[in-house]
Structures are given as C-alpha cells and as structure tokens.
2 protein chains.
Amino acid sequence: MSAEARPAVPAAPPLTERQEARRRRILHATAQLASRGGFDAVQMREVAEAAGVALGTLYRYFPSKVHLLVATMQDQLQHLHTTLRKRPPVADGAAQRVAETLMRAFRALQREPHLADAMVRALTFADRSVSPEVDTVSRQTTAIILDAMGLENPTPEQLSAVRVIEHTWHSALITWLSGRASIAQVKIDIETVCRLIDLTDPERRPTA
Amino acid sequence: MSAEARPAVPAAPPLTERQEARRRRILHATAQLASRGGFDAVQMREVAEAAGVALGTLYRYFPSKVHLLVATMQDQLQHLHTTLRKRPPVADGAAQRVAETLMRAFRALQREPHLADAMVRALTFADRSVSPEVDTVSRQTTAIILDAMGLENPTPEQLSAVRVIEHTWHSALITWLSGRASIAQVKIDIETVCRLIDLTDPERRPTA
DNA sequence: CGCTAATCTAGAACAAGTTCCACACTTGAT
DNA sequence: ATCAAGTGTGGAACTTGTTCTAGATTAGCG
C-alpha cells in the first residue's frame with residue numbers, strides 16, 4: 001500500500017551517453033514517423049532504420065511497438081507539463097482552469113493529429129505487459145490536472161473526479177481521432193465533465 | 001444534421017438463409033474464441049475454421065478482425081439491452097438507475113472477462129474505417145443509458161452528460177481489463193460520473 | 001594492454017492479419 | 001434447362017510485428 005514499493009521497475013540501469021543518445025534518436029524517429037501517418041506509419045523496421053539502429057536493438061530498448069509509443073507519449077506529456085508550469089491557466093475557479101488546461105492540450109494535439117492518433121491508440125490498446133508504463137502516463141496526467149486545480153491535498157472524492165476527467169479525456173480524444181466527434185463536441189464533453197470538480201469541492205458543498 | 005441521412009451504410013443487401021446462418025456461425029465462433037483468450041485468441045484462421053467457412057469468406061462478411069469484434073459487441077449489446085428491458089433497474093433517481101444499469105452490465109462482463117477484453121480493445125482500437133459500426137455501438141449504449149434514465153426527450157445538456165458517462169464507462173473498462181484498476185475502483189468511477197445526471201436534471205436545477 | 005561480459009548489428013525466420021487467385025457452387029433471369 | 005454473375009473454397013502469397021542467431025563492437029577491469 002505504501003508508495004515506497006516499486007515491484008515492476010526495480011531500477012532502470014543507468015545508460016551510457018551513447019545509449020542515451022540512441023534512445024533519444026529512437027524516440028525522435030518514432031515521433032517523426034507518427035506525425036506523418038499515425039499508428040500504422042510507425043513501423044518498427046523504419047523506426048530502426050531512421051534511428052540508425054538495428055531492429056534487435058530497438059526491441060532491446062522498447063520491447064514492443066506499444067511500449068515505444070507509450071514512451072513517446074511520456075515524452076510529450078513531459079514537455080506539455082513543463083510548458084504548462086511556465087504558463088499556468090488563468091481562468092477563475094478550479095473547474096474552469098482544468099477545462100482550459102485540457103483544451104490547451106487538445107489544441108496542441110490538433111497540431112499533430114497523426115502523432116496524437118499513434119500515441120492515444122497505443123495507450124488504449126496496451127495490454128497488461130505495458131501497465132507500468134501506462135500507469136506512469138496516467139500519473140503524469142493526474143499531476144497536470146491537479147496542478148490546474150491548484151490542489152495540494154485532494155480529497156478522495158476529488159481524486160475520483162479527476163479519474164473520471166481522465167477517462168473522459170482519453171475517450172473523447174479517441175472519438176475525435178476516429179472522426180466520430182467534432183472538435184466542438186470534445187470541448188463540450190470536457191466542459192461537462194469538469195463540472196464534477198465544483199460538485200466535489202469541499203469549499204462549496206461542505207461534506208455534501 | 002438530420003437523423004435521416006445514412007451515407008456510409010446505404011443498405012445492407014438482404015442475406016439468404018444460408019448466409020444468415022454463416023454470419024451467425026462466424027459470430028458464435030468469435031465469441032467462443034474470445035471467451036477463451038481475449039483479443040489475441042481471436043485468430044482469423046481459427047475463426048474461419050471453427051465457423052466452417054473459408055478465410056476469404058470470413059473477410060467478405062467482416063472486412064477486418066476489428067470489424068468482426070465490433071460486430072460481436074453489437075450482438076452482445078443487443079442481448080444486454082433486451083435483458084435490461086425485461087428487468088429494468090429499480091433504484092430511486094435517474095443517476096442511481098444508470099449506475100445500477102452500468103454495474104449490471106459490468107457484472108455481466110466480469111463473467112467473461114476475456115470476451116470483454118476482445119470487444120473493448122477492438123472498440124477503442126478501431127480506426128476510421130470502422131466508424132459506422134462503432135457508432136452503432138455508441139448509439140446502442142446511449143439508448144441503454146437513456147432507458148435507464150427513463151427519458152423521452154433529453155435536453156442537450158443531458159445528452160452531454162450521457163456522452164461523458166459513456167466515455168467514462170469505456171475508459172474505466174479498459175483500466176480494469178488491463179489490471180490498472182480494481183472492480184471497486186470502476187464502481188466508484190461509475191458512481192462518480194453518474195452524479196452528472198442529477199446536475200443536469202432540469203427538474204432539480206431549473207436552467208442552472 | 002588484453003580479457004570478458006554485455007551490447008549491437010545484419011539478417012533470417014516466424015506469426016498472424018490481410019490480400020489474391022483459380023476454381024467450384026449457387027442463384028436468378030431468360 | 002442454361003447461362004452469367006455472384007458467392008464460397010482452398011491455399012498461396014504478402015506485410016509487419018516479433019524472435020532468434022552468429023558474429024562484430026564496446027565497456028569496464030585486472
């Protein structure tokens with residue numbers, strides 16, 4: 001139960017400089033290819049070639065295509081989080097700030113819809129073998145949302161709301177990526193779900 | 001905008017009896033295999049063999065593995081909806097009834113977790129070429145939820161809430177299937193998102 | 001420096017989704 | 001009954017993710 005235990009990731013062995021460079025080249029090539037044609041355009045052989053690395057090496061660094069794309073998403077989320085920290089949302093009220101933050105993220109994704117496709121599809125297609133990595137993405141997303149809310153010690157109720165917001169975020173992205181929902185529709189869904197934040201704000205409705 | 005247009009599905013050509021039987025055998029074989037080992041266990045060659053049909057024929061009926069599994073989901077949802085109509089939820093309040101309905105569906109899925117895995121993974125992995133079919137699933141789900149709410153003429157606001165509930169439903173299922181969330185966690189998420197229903201009930205908060 | 005273990009490389013091999021092809025069988029219209 | 005078009009069959013072939021192997025390279029260490 002404690003946050004100490006890290007059973008699945010005992011410790012990433014420290015990488016040499018060349019290895020770090022390889023890893024970076026791989027992720028870069030992946031993002032490049034993904035930006036072109038989405039999930040299908042990320043072909044392991046091509047990634048390996050573009051990164052100047054043997055196929056076997058690629059698989060040593062990332063044990064599957066999904067691992068590779070989830071790692072790419074971690075990378076992108078990192079950037080996003082940094083950017084957001086520099087320019088926090090300005091809206092009034094936690095709900096509005098979260099909605100603003102997610103809409104900003106959404107606009108960033110719209111600039112590279114194919115890349116978004118590759119990352120999100122990988123994320124939801126991931127099976128148990130990728131759970132630790134997907135979990136990291138989930139924690140990053142949670143951190144971004146909590147940041148936007150400006151909370152230090154969220155209540156369990158608020159954490160539930162955040163979970164539901166993440167669910168909606170992922171699923172709404174999918175419907176948009178597969179052309180079943182418009183940008184406007186996604187916006188409405190995000191705003192709708194963000195209402196849950198006010199609903200679970202102990203300031204407003206003290207212990208319901 | 002009108003609900004009349006059906007651009008992508010001009011009209012399914014009527015199937016002969018033998019064809020209907022083939023289709024049924026295919027779907028049955030699919031559900032069977034999926035129940036065993038989930039998405040990966042549904043192998044097109046095996047489905048074809050189990051259904052007593054040539055591989056090419058299988059592909060004539062369902063143009064991809066994802067199409068096949070989404071069709072399976074349509075089938076299962078049909079069953080579920082029929083069952084639910086016979087025994088509607090009994091809880092007080094729209095939100096409670098929807099939560100009850102979804103939890104019932106969730107328990108049904110728990111009985112065949114591998115089948116659930118196959119169907120849900122296919123659903124979220126589906127690309128644009130499967131949009132019409134996925135949309136059908138979405139409409140079925142919407143119908144089930146609206147039934148539970150007991151609504152004839154939902155407001156746009158209520159429809160938004162329903163959309164968000166569907167998002168949460170799908171995404172929560174995925175986190176459960178990939179072992180990142182417990183059954184209890186899914187329950188909490190469902191109950192949390194269902195609160196949106198009360199929030200958008202014009203009876204309770206007349207035009208906010 | 002010289003050795004050993006780990007890492008990389010090139011490429012073959014394998015697995016499963018998908019496509020193709022040549023031929024057999026229904027079916028429906030004449 | 002017969003012919004043409006459409007449908008189904010069996011199986012090969014192609015694609016791309018993944019695994020495996022044998023031989024170079026590299027890194028750390030005495």
Side-chain angles (χ1 to χ4, degrees), chain A residues 11-26 29-30 33-34 36-72 117-119 121-123 125-130 133, chain B residues 11-27 29-30 33-34 36-72 117-119 121-122 125-130 133:
Chain A
L15 298 183
T16 73
E17 206 162 322
R18 297 168 61 103
Q19 288 177 319
E20 192 54 53
R22 266 192 212 103
R23 201 188 121 90
R24 213 111 281 300
R25 285 207 307 279
I26 292 173
T30 302
L33 286 170
R36 291 243 187 296
F39 189 89
D40 294 329
V42 178
Q43 301 195 354
M44 300 303 271
R45 287 172 234 267
E46 285 196 42
V47 172
E49 190 183 4
V53 130
L55 189 55
T57 305
L58 172 53
Y59 273 96
R60 174 186 284 273
Y61 281 72
F62 302 96
S64 78
K65 175 169 171 174
V66 169
H67 281 86
L68 174 57
L69 284 169
V70 171
T72 302
D117 171 77
M119 296 189 304
R121 294 262 291 287
L123 204 65
F125 191 60
D127 67 356
R128 299 180 110 85
S129 71
V130 204
E133 288 80 5
Chain B
L15 298 183
T16 72
E17 206 163 320
R18 298 166 61 105
Q19 288 178 320
E20 192 54 54
R22 265 191 212 102
R23 201 188 121 91
R24 212 110 282 299
R25 285 205 307 279
I26 292 174
L27 286 177
T30 302
L33 287 170
R36 292 242 188 296
F39 189 89
D40 294 329
V42 178
Q43 301 194 355
M44 300 304 270
R45 289 171 174 83
E46 284 196 43
V47 172
E49 189 183 5
V53 131
L55 188 54
T57 306
L58 173 54
Y59 273 96
R60 175 186 284 272
Y61 280 72
F62 302 96
S64 79
K65 176 170 171 172
V66 169
H67 281 85
L68 174 58
L69 285 170
V70 171
T72 301
D117 171 78
M119 295 189 304
R121 295 264 290 288
F125 191 59
D127 66 356
R128 298 180 111 84
S129 71
V130 204
E133 289 78 5

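Lettering follows sequence order; numbering is per chain, from 1.
Contact record, A/V53 with A/L58: CG1-N, 3.7 Å, taken as the closest heavy-atom pair. Counting all heavy atoms, side chain and backbone alike, B/F125 lies closest to B/V66 at CD2-CG2, 4.3 Å. In terms of heavy atoms, B/A29 sits closest to B/A50 at CB-CB, 3.8 Å. Between A/K65 and A/V42 the shortest heavy-atom distance is NZ-O, 3.0 Å. Considering every non-hydrogen atom in both B/L69 and B/A122, the closest pair reads CB-CB, 3.4 Å.
Taking side-chain N and O atoms only, B/Y61 has no distance below 4.0 Å to OP1 or OP2 of D/dT7. Between C/dA6 and A/Q19, no contact under 4.0 Å exists linking OP1 or OP2 to a side-chain N or O.
Computed from coordinates, the A/E46 CD to D/dG17 C1' distance equals 13 Å when rounded to whole Å. Distance A/F125 CZ to D/dG17 P: 12 Å, rounded to the nearest Å. Atom CZ of A/R60 and atom P of D/dT25 are 17 Å apart (whole Å). Rounded to a whole Å, the NE2 atom of A/H67 is 11 Å from the P atom of D/dT19. We find that CD of B/E49 is positioned 15 Å from C1' of C/dA16, with the value rounded to whole Å.
Separating the CZ atom in B/F62 from the CG atom in B/L27 is a distance of 4.0 Å, to the nearest 0.5 Å.
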remark   = Given protein heavy atoms under 4.0 Å, the one-letter contact record of nucleotides 17-30 of chain C, with B base, S sugar-phosphate only and - none, is simply BBB-------S---
